[in-house]
Amino acid sequence: MSLEPGRSLWDSGGMTIPIIIDGHAIEAPDGASLIQAWIAAGLPLTENVGCMGQGVCGACRVLVRREGERIAAAALACETRAEAGMQVAFIDHFPARRPHAYDLDAMGDSWSALGQVDAVFPEAKHCRHCGGCDAACPKGIEVQKAVNLAVEGRALAAGALFDHCVMCNLCVAACPEHIAPSHLGQFLRRMANSLTLRPGDLIERIRQIENGSQAIDLDAPGAQP
Ligand code: SF4
Ligand code: SF4
């Protein structure tokens, strides 16, 4: 998406901050996030966009190098405010190197299902404890710990550590053993929910939809892609 020429996202009182995003020198409105700065500059945003600022989709992956720092860090553009002298580069989407096929309905009860972690993710036991996944994660998840808990057979505890994962896949890019930690986490969370009671907030929301107190507008833009 792009803004009409001359139209800004908001009135920042005229204060701007010089940053560089994907090679474009931009004057970002004071207080803007990196993704807001990009849009305010009138540049087209056709990729790396999903939830538009809620920090839940993981699409706006960026590498950020702050002024005076040598090391670039991974971040989400919607959750990172522009700072003077920042250099930013969006990171493309990249899938895991191989798909992990599984059938939750065929895994049986929790006694047998927990043994499936090694069958589906045999590479997880090769974790070399490098900490690359932890350093890459913009959500501060203890990814390495979660991977190793899963290997130890503590699948539910491991899955819980991935609760705030947004599937940005930065840990996938960081892992030298091609473990695809986020996909392991997704598998663990799916397994946990298929073997235990559904989350209370999910049940409550479905009830609200069914009794009409949570209206669903099927004619809303984008509701019927
Ligand atoms: S665990 Fe991986 S995919 Fe999930 S938020 Fe962290 S880096 Fe992104
Ligand atoms: S990046 Fe891969 S090998 Fe390194 S600690 Fe994380 S899961 Fe283990």
Side-chain angles (χ1 to χ4, degrees), residues 1-97 130-144 146-147 161-183 185-186 222:
M1 64 184 292
S2 62
L3 293 177
E4 296 160 20
R7 182 180 158 211
S8 62
L9 265 185
W10 68 88
D11 182 4
S12 65
M15 294 278 291
T16 61
I17 294 171
I19 61 172
I20 295 175
I21 305 182
D22 278 356
H24 297 272
I26 289 172
E27 287 293 328
D30 187 27
S33 70
L34 295 176
I35 207 160
Q36 288 169 332
W38 179 267
I39 295 169
L43 293 164
L45 185 59
T46 56
E47 295 178 335
N48 293 98
V49 60
C51 64
M52 286 305 294
Q54 299 179 68
V56 296
C57 81
C60 58
R61 300 163 295 269
V62 285
L63 279 178
V64 174
R65 188 163 68 182
R66 290 178 167 80
E67 191 168 53
E69 292 184 357
R70 293 179 57 232
I71 306 296
L76 296 179
C78 69
E79 294 189 322
T80 307
R81 291 204 182 281
E83 297 172 22
M86 261 185 176
Q87 297 181 49
V88 182
F90 279 101
I91 304 173
D92 289 343
H93 170 72
F94 41 86
R97 288 193 172 211
C130 66
C133 49
D134 289 350
C137 182
K139 288 295 186 180
I141 293 169
E142 296 178 283
V143 186
Q144 175 181 314
V147 169
L161 287 176
F162 282 105
D163 265 355
H164 297 286
C165 172
V166 293
M167 294 302 291
C168 67
N169 280 355
L170 288 167
C171 56
V172 176
C175 182
E177 293 291 345
H178 307 306
I179 290 171
S182 56
H183 294 261
Q186 190 176 54

Closest heavy-atom pair and its distance - C133, P181: CB-CG, 4.5 Å
side-chain hydrogen bond (donor to acceptor under 3.5 Å, both in side chains) pairs, two or more places apart, involving residues 59-80: R66-E83, E79-K139
Atom pair CD (Q144) and CD1 (I179), whose distance is rounded to the nearest 0.5 Å: 9.5 Å
Closest approach of C165 to S182 (non-hydrogen atoms, all atoms of both residues): SG-CB, 4.1 Å
Distance-minimising heavy-atom pair for A180 and V172: CA-CG2, 3.8 Å
I141 CD1 to L161 CG distance, which is reported to the nearest 0.5 Å: 8.5 Å
Least distance between heavy atoms, V56 atom then C51 atom: N-SG, 3.4 Å
Pairs involving residues 165-179, ordered by first then second residue, that meet salt bridge (charged side-chain N to carboxylate O under 4.0 Å, His left out) (sequence neighbours left out): R128-E177
Residue list, salt bridge (charged side-chain N to carboxylate O under 4.0 Å, His left out) with E27, at least two apart or on another chain: none
ring-ring contact (aromatic ring centres under 6.0 Å, His included) partners of residues 53-78, not counting sequence neighbours, each pair once: none
Stepwise side chain to side chain contact (heavy atoms under 4.5 Å, CB included) check, H183 with N169: CA-CA 8 Å; H183 294 261; N169 280 355; 3.6 Å; yes
Heavy-atom closest pair, residues I35 and N48: CD1-O, 3.9 Å
Non-neighbouring partners of H93 that pass ring-ring contact (aromatic ring centres under 6.0 Å, His included), sequence neighbours left out: none
Test side-chain contact (heavy atoms from CB on, under 4.5 Å) applied to H178 - qualifying residues, sequence neighbours left out: R97
Partner residues of A136 under the side-chain contact (heavy atoms from CB on, under 4.5 Å) criterion, sequence neighbours left out: L170, A174
Nearest heavy atoms of F90 and D22, plus distance in Å: N-OD1, 3.0 Å
Interatomic distance, F162 atom CZ to C171 atom SG [nearest 0.5 angstrom]: 6.5 Å
H164, NE2: over 12 other non-hydrogen atoms inside 6.0 angstrom: no
Partner residues of A84 under the side-chain contact (heavy atoms from CB on, under 4.5 Å) criterion, sequence neighbours left out: I17, P18
Set of side-chain contact (heavy atoms from CB on, under 4.5 Å) partners for A82, sequence neighbours left out: I19, A28, L34
